[in-house]
Structures are given as C-alpha cells and as structure tokens.
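Structure record follows, encoded as structure tokens.
Ligands are counted one by one from 1 in listed order, and the atoms in each one are counted from 1 as well.
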Amino acid sequence: MPELEQLHHFIGGEHVAPESGEYFESTNPATRQPLYRAARGNAADIDRAVAAAQSAFADPRWRDLSQTRRGHLLRRLGDLIGEHSEEFARMEVLDNGKLLREMRGQLATVPEYYYYYAGLADKIHGEVIPTSDRAVLNYTAREPLGVVGAITPWNSPLTLTTSKLAPALCAGNTVVVKPSEHTSRSALLLAELALAAGFPPGAVNVVTGFGSEAGQALVDHTGLAKISFTGSTATGARIASATASRFIGSTLELGGKSPNIVFDDANIANAAMGVVAGIFAAAGQTCIAGSRVFVHRAVYDELLERVVQRAESIRIGDPLDEETELGPLAFADQRDKVAGYVDLGRSEGARVITGGRPSDGGGLGGYFYEPTVLVDVNNDMRVVREEIFGPVAAVMPFDSEDDVVRLANDTEFGLAAGVWTTNLSRAHRMAARLDAGTVWVNTYRAMSPMSPREGFKASGAGVEHGTETIKEYTRLKSVWINTSEDAVADPFTMRS
Ligand code: NDP
C-alpha cells in the first residue's frame, strides 16, 4: 500500500508540521479507502496561527493597503479558484461524498463570492452625522476587527469557508480557519491560493484537526476578535457563550428543520421536484434541507406518489459519476445517525413508505443510505423535531393556511422554508408569516453572494452574504471634531 500523503497546517504562508507530530487519517466515504493524513492541531498550533494572523494584521503591507487594492487581491483569488475549480470539485467529492455534478455547480459560483466582495472592498465607509451643534463634525468609520476565527463543517467546506473568508478579508481582517476533521483539504488549497493571489503571509491560516482540540483551542484563544461558525446548534451555543463572556462578536449559522409547504393550488409537478431537491439533493446533508414536508390534504396523495416515484428512481452510486444523483453520507457515524433516526421514527409510529435502509452504493461499500419518506408522523415525534441531516423526509397533510403556519413554525429552528403556490397573495402572506430567515416560493435551495441570509431562533445569529455581512466583520467608530475656536463657557453641560 503506498504511503498516504501527509498534509500540514498552513500558517504564516508556510506549510507547518503539527507541534505534536501527530496526524489523523481521512477516508473516502464512497469507498472507505484512506485518502490522506492531516495534521492533528492542538492549542500550540492554534497559538502559532493566531500569532501569525496578528502580525499580518499589524503589518503595513496589509494594514495600509488601500481598499481598492484589497479588492484586487480578492478578485485575483476568485480567478485562481476558478482556475483550480475541477481540482477543488474532485477533492471535495473524495472528502465528503458530495456529487461531482453538484460540486461543479458550486465551483462555478464560488469565485463570484470573491468578485462580489472585491467590488465591495472600496465601498466600506462611514457617514457624516449631522448633530445639532453645527460647529461639530461627527463622522463614523468602519474598522476591521482583527483576527477572525472561522470554524466550518464538512458538508460544503469550500463554499462555507468562502462565506466567511471573502467578507472578512474584504473588511481588512486576517483569518484562522479550522475546517472539519472530515474535510481538511480544500481549506489548505484555498489558503495557498490566497498567498499566491498576493495576500500577505499570515492573512489566511489553516489549522486542521478535531473540533474538541483545535476547534476548542481556537474558540478559547484570547487573541481573536471574532468567531464565525457554521455547524451544529450545540457547538454554536458553546461558541456563543464563550464569545459573549469575552465581549467579542460571533456569527453563527446553525442547524435547521425546514418546512417545505405544498398548497393545493401549486404546480404539483414542480412542487414534487422541489420537495425532492429540498431533501434528497446532497443526500439531505444541508442545513437548509426541507425535511418537514407539509402537503394540503387535497393534493396529498398525488404529491406523495410523485415524490416516492422520483425517490425510487434516484441513482445511488459513485459521486464521481456524472449520472449519479445520490452519493454516500459523509462518514460512518453520520450514516449510523441517519439509520438510528429512521429506526427511532419507526418506534415512534412512523411508516416508512420508501427507503429506510442502508445501501451498498452499487457495490462501492461506502456509507450510503436510501432516500427515505416517512408518513403517519406528527410534530410531537423526535424525527419531526430534530435535525437528521440525511435523506429523510417526514411528510404530513394539512387543511388550511392557518393550520400549516402553526405547524411549520412549531420548531426550535428558523433557518429556511419553502412554499409552493400559484396564488400571489398567499405567497406574500406566507413569506410574512413563516418564522424563517429565508423563504423560497416556488423554488428551493436558491442562494447568491448578493443575498443576505440569517438563521432565526436556534438556527443562528448574525448575517452571512450580501452587504449586510460587512457589519459582522467591522466595528463602528464615532469621531467628534469640534471645529469652533470659541471659548468653552460651561464645562458642566454636555454638547450635542
Ligand atoms: P459540528 O458543530 O460538530 O462541527 C462544525 C465545526 O465545528 C467542525 O469544524 C467541528 O470540527 C467544529 N467543532 C466541533 N466541536 C467543537 C468545539 N467544541 N469547539 C470548536 N469547534 C468545534 O457540526 P457538524 O460538523 O456535525 O456539521 C453539521 C451541522 O452543521 C448540522 O447540524 C448542520 O445543520 C449545520 N450546518 C449549518 C449550516 C448553515 O449555514 N446554517 C450549513 C451547514 C451545516 P470537527 O468536524 O473536527 O469535529
């Protein structure tokens, strides 16, 4: 067996061996074959990376770079990612089992995030505020925060790292990334390309390793000015407490249990496709998965039949094959978790009308699970309340708009929601009444660097994408300059 490639951290513009000398193995979830060994980061590695990011932040080559030049660097980075898009796409497929066709699609848009923030870099500015004292000039300035810690999950590593890195750099910060232990590779290539694009050494650092070690050490590091996190609600809650106690900010993109709602006036063929896309695309391993499907009773049987038919024709297999529609789950525990939830659903009284079993993925032997539809479920069951993060839809009938709004909002999460209707008034009413940060009408999973998104309730805090997210990566300074040379008459009265 050939020696596995060893991946080091990327710190201060260099590949750096882990302080402990330890590495861990990453495997291909479609075949269970080992892929490479990544550096097992610890607190000493994190310390080194934060120090490198702090010196880059203070370095005049970065600190004094004009905002326009910052934009140039982001544009160049976008170009370089575009040039490496096939390499990135294949590396992510091997790491987490996502489909090559999906990753090629993602890679077509990843550079656009950098182009978007490249264009925004020299449009970050404060305002002049007219106070009531005309002799006073009051203005605001938006300043970078310092070192941002970015902690990302395994399901769309490059895209989710980009959602943090592009605006953080655009605003003039430096970054330490801790990718998921299951997907170390793309963040390392991204950091190398950032250096090649002209970002100074230390502007983008990557420490690989486990959440409980490298991740926790990053969260605990007092040199950080902010943490931007995408992952589970449980880890997000821990990060929220840690950052709050140090009075630093956090942007948290967390889990979901999103409703996908089909009305009786919907285009049923499109709605069925939307339901399939919502829960079976990416094997349901997306935070925005439309895992609770509510269908008006008048079209329930028809919709269900279409969804089941399409689910049963989904081609499961090698994610590198362009024909494949469902790849494996990302690792063994993830497959076991999904299987465990389906068994739990059965014991709660749910009926599995299709799927409900692991699959061998056409003989590949990886962590595959069949697309699964559960019926006879209700909002009291754990399979309807908890995030499964796999290809498992819970389908429920409803009778009225009020009824479905109540059911859809009866969840701790508030990330996204889908609505299928041809009634324009209903579309707007539902958009207003649903308690979710993103509402899609007659579409699902649409996303753009231009469109801000926020998770409500236990789905997060803070905004990603669009111009809004720049506020998350800057601090606001208010400057007062008294232009009057008059004598100060009364030191005991406040000026305004
Ligand atoms: P986790 O919260 O377990 O992990 C996310 C990241 O946090 C990983 O890098 C992980 O490292 C790290 N981590 C784990 N424990 C700690 C810790 N104590 N301190 C610091 N970092 C830690 O989530 P999953 O990896 O299981 O990701 C799936 C979850 O992410 C789902 O619940 C999903 O809903 C959510 N998600 C949300 C998205 C959104 O935009 N709202 C998008 C994608 C996913 P390691 O992997 O090495 O343990």
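Nearest protein heavy-atom contact of atom 18 (N) of ligand 1 is Q216 OE1, 2.8 Å. For atom 26 (O) of ligand 1, the nearest non-hydrogen atom of the protein is W154 NE1, 3.6 Å. Scanning all protein heavy atoms for the shortest distance to atom 46 (O) of ligand 1 gives S180 OG, 2.8 Å. If you check which protein heavy atom lies closest to atom 44 (C) of ligand 1, you get N155 ND2, 3.4 Å. In terms of protein heavy-atom proximity, atom 1 (P) of ligand 1 is nearest to S232 OG, 3.6 Å. Among protein heavy atoms, the minimum distance from atom 28 (C) of ligand 1 is reached at F389 CE2, 3.8 Å.
Looking only at atom types and distance, the side chain of T411 has no donor-acceptor partner in the side chain of K457 under 3.5 Å away. Donor-acceptor pairing under 3.5 Å is lacking for the side chains of Y367 and Q334. Counted by atom type alone, T251 and K226 present one or more donor-acceptor pairs between their side chains at under 3.5 Å. If you check the side chains of D47 and H221, you find a donor sitting under 3.5 Å from an acceptor. Looking only at atom types and distance, the side chain of N260 has a donor-acceptor partner in the side chain of W420 under 3.5 Å away. In this model, a donor atom of one side chain and an acceptor atom of the other lie less than 3.5 Å apart for S156 and Q106.
Contact annotation: G455 has no heavy atom less than 4.0 Å from any atom of ligand 1. Heavy atoms of R453 come nearer than 4.0 angstrom to ligand 1 in at least one pair. Using a 4.0 angstrom heavy-atom cutoff, S163 does not count as in contact with ligand 1.
By the criterion of a heavy-atom distance under 4.0 Å, the side chain of L160, and not its backbone, is placed next to ligand 1. With a 4.0 Å heavy-atom cut-off, ligand 1 is reached by the backbone of T152 but not by any atom from C-beta on. With a 4.0 Å heavy-atom cut-off, ligand 1 is reached by the side chain of I151 but not by its N, CA, C or O. Under 4.0 angstrom from ligand 1, there are no non-hydrogen atoms of E464. When heavy-atom distances to ligand 1 are checked against a 4.0 Å cut-off, P179 comes that close only through its backbone atoms N, CA, C and O.
Taking the ring centre of Y369 as origin, the terminal cationic atom of R357 falls outside the region bounded by 6.0 Å and 45° from the ring axis.
Under a 4.0 Å N-O distance rule, the pair R185/E92 does not qualify as a salt bridge.
Those atoms of ligand 1 with a heavy atom of R238 less than 4.0 angstrom away are 18 (N). Below 4.0 Å from some heavy atom of G209 lie the following atoms of ligand 1, by number and element: 47 (O). The ligand atoms of ligand 1 that sit less than 4.0 angstrom from a heavy atom of F210 are 47 (O). Within the listing of ligand 1, atoms 34 (O), 36 (N), 37 (C), 38 (C), 39 (C), 40 (O), 41 (N), 42 (C), 43 (C), 44 (C) sit less than 4.0 angstrom from a heavy atom of C287.
Inside a 4.0 Å radius of atom 4 (O) of ligand 1 there is not any protein heavy atom.
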* Check the pair V50, L218 against side-chain contact (heavy atoms from CB on, under 4.5 Å), reporting the backbone distance first and the verdict last. => CA-CA 8 Å; V50 173; L218 187 58; 4.2 Å; yes
* Test log, rule side-chain contact (heavy atoms from CB on, under 4.5 Å), inputs V16 and H8 -> CA-CA 5 Å; V16 174; H8 294 155; 5.5 Å; no
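Counting only non-hydrogen atoms, the option in G215, G211, G256, G255 that gets closest to atom 17 (C) of ligand 1 is G211. With Q285, E387, H182 as candidates, the residue nearest to atom 31 (C) of ligand 1 on a non-hydrogen basis is E387. Nearest residue to atom 41 (N) of ligand 1 from D220, L254, I227 is L254 (criterion: closest heavy atom). Of the options K178, E181, E213, the smallest heavy-atom separation from atom 11 (O) of ligand 1 is shown by K178.
Sorted by first and then second residue, the pairs that involve residues 445-470 and meet ring pair (Phe, Tyr, Trp, His ring centres under 6.0 Å), not counting sequence neighbours, are Y113-H465.
Of the N or O atoms in G231, one or more lie within a sub-3.5 Å distance of an N or O in ligand 1.
At least one donor-acceptor pair under 3.5 Å links the side chain of K178 to the backbone N or O of G209. S347 contributes a side-chain N or O that, together with a main-chain N or O of L344, makes up a donor-acceptor pair within less than 3.5 Å.
For the side chain to side chain donor-acceptor pair (under 3.5 Å) test with N42, the passing option among E213, E19, Q216 is E19; the others fail.
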